[in-house]
There are 2 protein chains.
Amino acid sequence: MKTKGETLGNDVLQRMREDVLSCALEPGMKLRFETLRQRYDVSFSTLREALARLVAEGLVVAEGQRGFKVAPVSIADLEDLTDARVLLERELLRRAMINGDDAWEANILASYHKMDRLQARLGEEYYKVAEWSALHAAFHESLVQAGHSPVLLEMRAKLFDRANRYRRMSSQFRKKWRPKEIEHKAIMDATLDRDAKALDLIERHIRETTENLVEFAGHLFEDTSASTSTAA
Amino acid sequence: MKTKGETLGNDVLQRMREDVLSCALEPGMKLRFETLRQRYDVSFSTLREALARLVAEGLVVAEGQRGFKVAPVSIADLEDLTDARVLLERELLRRAMINGDDAWEANILASYHKMDRLQARLGEEYYKVAEWSALHAAFHESLVQAGHSPVLLEMRAKLFDRANRYRRMSSQFRKKWRPKEIEHKAIMDATLDRDAKALDLIERHIRETTENLVEFAGHLFEDTSASTSTAA
DNA sequence: TTTTCAAGTATTTTCGAAATTCGTATGCTT
DNA sequence: AAGCATACGAATTTCGAAAATACTTGAAAA
């Protein structure tokens with residue numbers, strides 16, 4: 001059932017993006033039209049339209065006249081994404097702390113609370129739950145939402161998603177996750193205090209997550225660009 | 001005539017992108033399929049594929065089930081782009097000066113030379129010539145090419161193009177341009193010397209170009225989001 | 001054995017017709 | 001007259017068949 005007022009193609013785009021980000025469509029996987037057509041129940045043209053956008057977003061790779069595949073993963077890519085995120089998150093957080101108003105602060109508190117409560121309710125395996133992942137993303141977004149720069153915010157969101165794919169990918173195999181509650185709380189407090197330390201805290205938060213991923217799940221990120229996984 | 005090994009859709013994408021960036025398709029203009037079909041000589045689906053990518057690149061805006069229009073321009077957008085560019089260019093130039101090797105330096109010198117010679121040959125109205133615009137873009141790209149960050153380089157290139165649209169837009173109406181030769185030379189020299197001043201110079205170069213645009217051509221950038229221009 | 005070529009199959013790409021949706025004009029009701 | 005519903009024409013969106021391209025198989029030549 002498609003969203004009213006929106007095109008079917010847009011609907012497929014969103015479903016497909018979620019499937020790539022959640023690794024339901026595995027990194028490096030060849031995307032065959034016949035299979036995709038069954039999965040999403042749309043025509044060739046509509047599929048290509050969605051694929052074209054995902055290519056521009058860096059989630060799918062077009063291979064000349066040989067179709068499409070899910071963007072591969074690699075440790076180099078994760079580290080590149082991490083550096084780029086640090087640059088943008090620091091800048092946006094810096095601006096947000098300058099421009100942020102009451103509504104911005106309230107939204108941060110609300111987002112943190114929702115994430116925190118769900119986490120407490122879920123216990124140790126919170127990081128495997130898609131709903132928590134969404135609240136976590138919302139919390140991080142709330143921090144920078146007063147950045148007042150559509151261009152930077154858009155880029156930040158795309159980078160967040162792409163990096164998040166690595167985390168989601170590994171969460172299926174991880175036993176236990178480093179406890180991030182403390183870090184989130186510290187980031188929030190420093191941010192609301194307009195304490196410049198917040199910038200270093202968020203940088204450390206991002207970098208340590210990546211280091212952690214590379215250490216404990218690096219083997220999952222072997223380059224899949226020449227992959228053979230052929231289903232779709 | 002389409003590029004061998006590449007899809008027709010890709011070809012149309014490139015032509016269309018160039019048309020948006022050169023303002024052959026004016027900002028805010030409604031894009032009618034029948035007209036586009038004649039201009040590019042392709043089918044609906046192929047057009048939509050190209051349009052979908054341009055939407056993701058921020059050069060075209062999709063309006064629900066009411067078609068597409070060229071991304072509008074506004075002073076706010078130009079200033080937002082400028083801030084984002086400064087952030088990325090500084091970071092990439094900083095990295096390039098650390099990582100840059102002989103080939104990187106050679107490429108900068110070569111790019112500068114080509115731009116400089118053509119400029120001398122063209123005289124006062126160099127900025128109106130598409131070929132010079134391409135060489136200018138190549139020079140700026142050569143500076144950061146040793147950045148070794150595909151993610152940041154890609155974002156930089158997209159931002160450069162979008163900002164360039166404003167310059168191209170105004171160049172049709174400008175009488176004379178601020179002489180940039182000196183600035184380019186200074187940026188190049190500082191960069192090759194690994195002098196940190198290069199970062200400030202490039203920032204000033206970017207910001208002054210924008211200030212200049214807003215001052216002398218700001219009236220061209222009145223918001224076109226609710227435009228009525230209806231041809232295509 | 002390895003290479004080259006050719007024919008056949010699988011897959012992707014492109015097209016334009018058909019279905020849907022939007023915008024507008026017209027008539028009806030209050 | 002203002003508001004609302006309806007119907008018509010214009011534009012977009014979606015579809016699957018047809019064309020183009022890539023891949024596979026196998027046989028002939030080096």
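All chains are named by letter (A, B, ...) in the order of the sequence lines, taking the proteins before the strands, and each is independently numbered beginning at 1. What's counted below: heavy atoms across the whole structure, side chains too, no hydrogens, waters or symmetry copies.
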Whole Å only: how far is the [atom1] atom of [X] from the [atom2] atom of [N]?
| X | N | atom1 | atom2 | answer |
| --- | --- | --- | --- | --- |
| A/N10 | D/dT13 | CG | P | 10 Å |
| B/E6 | D/dT21 | CD | C1' | 13 Å |
| B/R32 | D/dT12 | CZ | P | 6 Å |
| B/D41 | C/dT14 | CG | C1' | 12 Å |
| B/L31 | D/dT13 | CG | P | 11 Å |
| A/F33 | C/dT14 | CZ | P | 10 Å |
| A/Y40 | D/dT14 | OH | P | 16 Å |
| A/L36 | D/dT14 | CG | P | 17 Å |

Practice task
Describe the nucleic acid contact of A/F44 in one word from base, sugar-phosphate, nothing, applying a heavy-atom distance below 4.0 Å.
Solution key: base
Answer yes or no: does a side-chain N or O of [X] lie under 4.0 Å from OP1 or OP2 of [N]?
| X | N | value |
| --- | --- | --- |
| B/R48 | D/dT12 | no |
| A/K30 | D/dC23 | no |
| B/T46 | C/dC15 | yes |
| A/R37 | D/dC15 | no |
| A/Q65 | D/dA22 | yes |

Exercise for the section: Look at the side chain of B/T7 and decide which nucleotide, out of D/dT13, C/dC15, C/dT13, has an atom nearest to it. Expected result: C/dT13
Problem - From C/dT21, D/dC23, D/dT12, nucleotide with atom closest to A/R66 side chain - result: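 Selected nucleotide: D/dC23.
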Problem - Quiz item: B/S45 side-chain donor-acceptor pair to D/dC15 base, under 3.5 Å - result: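 Under the 3.5 Å cut-off, the side chain and the base do form a donor-acceptor pair.
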Exercise for the section: Run the salt-bridge test on B/K128 and B/E125 with the 4.0 Å N-O cut-off and return the result as yes or no. Expected result: yes
Handout entry: N-O pairing of B/E91 and B/R95 below 4.0 Å
Key = yes
Exercise for the section: Mind jotting down which residue pairs meet the salt bridge (charged side-chain N to carboxylate O under 4.0 Å, His left out) criterion with at least one end in residues 98-113 of chain A? Sequence neighbours excluded, please. Expected result: A/E105-A/R194
Practice task
Mind checking side-chain contact (heavy atoms from CB on, under 4.5 Å) for B/E131 and listing every partner two or more places apart, or none if nothing turns up?
Solution key: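 With neighbours one apart ignored, the set is B/L118, B/V129.
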Practice task
Take the C1' atoms of the five end pairs on each side of the helix from C/dT1-D/dA30 to C/dT30-D/dA1, derive the two axes, and give their angle rounded to 10 degrees.
Solution key: 20°
Exercise for the section: Name all residues meeting the side chain to side chain donor-acceptor pair (under 3.5 Å) criterion together with B/Y112; count only those two or more places apart in sequence or in a different chain, and write none if there are none. Expected result: none
Quick one: side chains of residues 149-158 of chain A, donor-acceptor pairs under 3.5 Å with protein atoms, not counting sequence neighbours, listed by atom name and distance.
{"unit_1": "A/S149", "atom_1": "OG", "unit_2": "A/L152", "atom_2": "N", "d": "3.2"}
{"unit_1": "A/S149", "atom_1": "OG", "unit_2": "B/D80", "atom_2": "OD1", "d": "2.5"}
{"unit_1": "A/R156", "atom_1": "NH1", "unit_2": "A/E89", "atom_2": "OE2", "d": "2.8"}

Practice task
Just jot down the ring-ring contact (aromatic ring centres under 6.0 Å, His included) partners of A/Y166, sequence neighbours excluded, or say none.
Solution key: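 For A/Y166, the residues satisfying ring-ring contact (aromatic ring centres under 6.0 Å, His included) (neighbours in sequence not counted) are A/F221.
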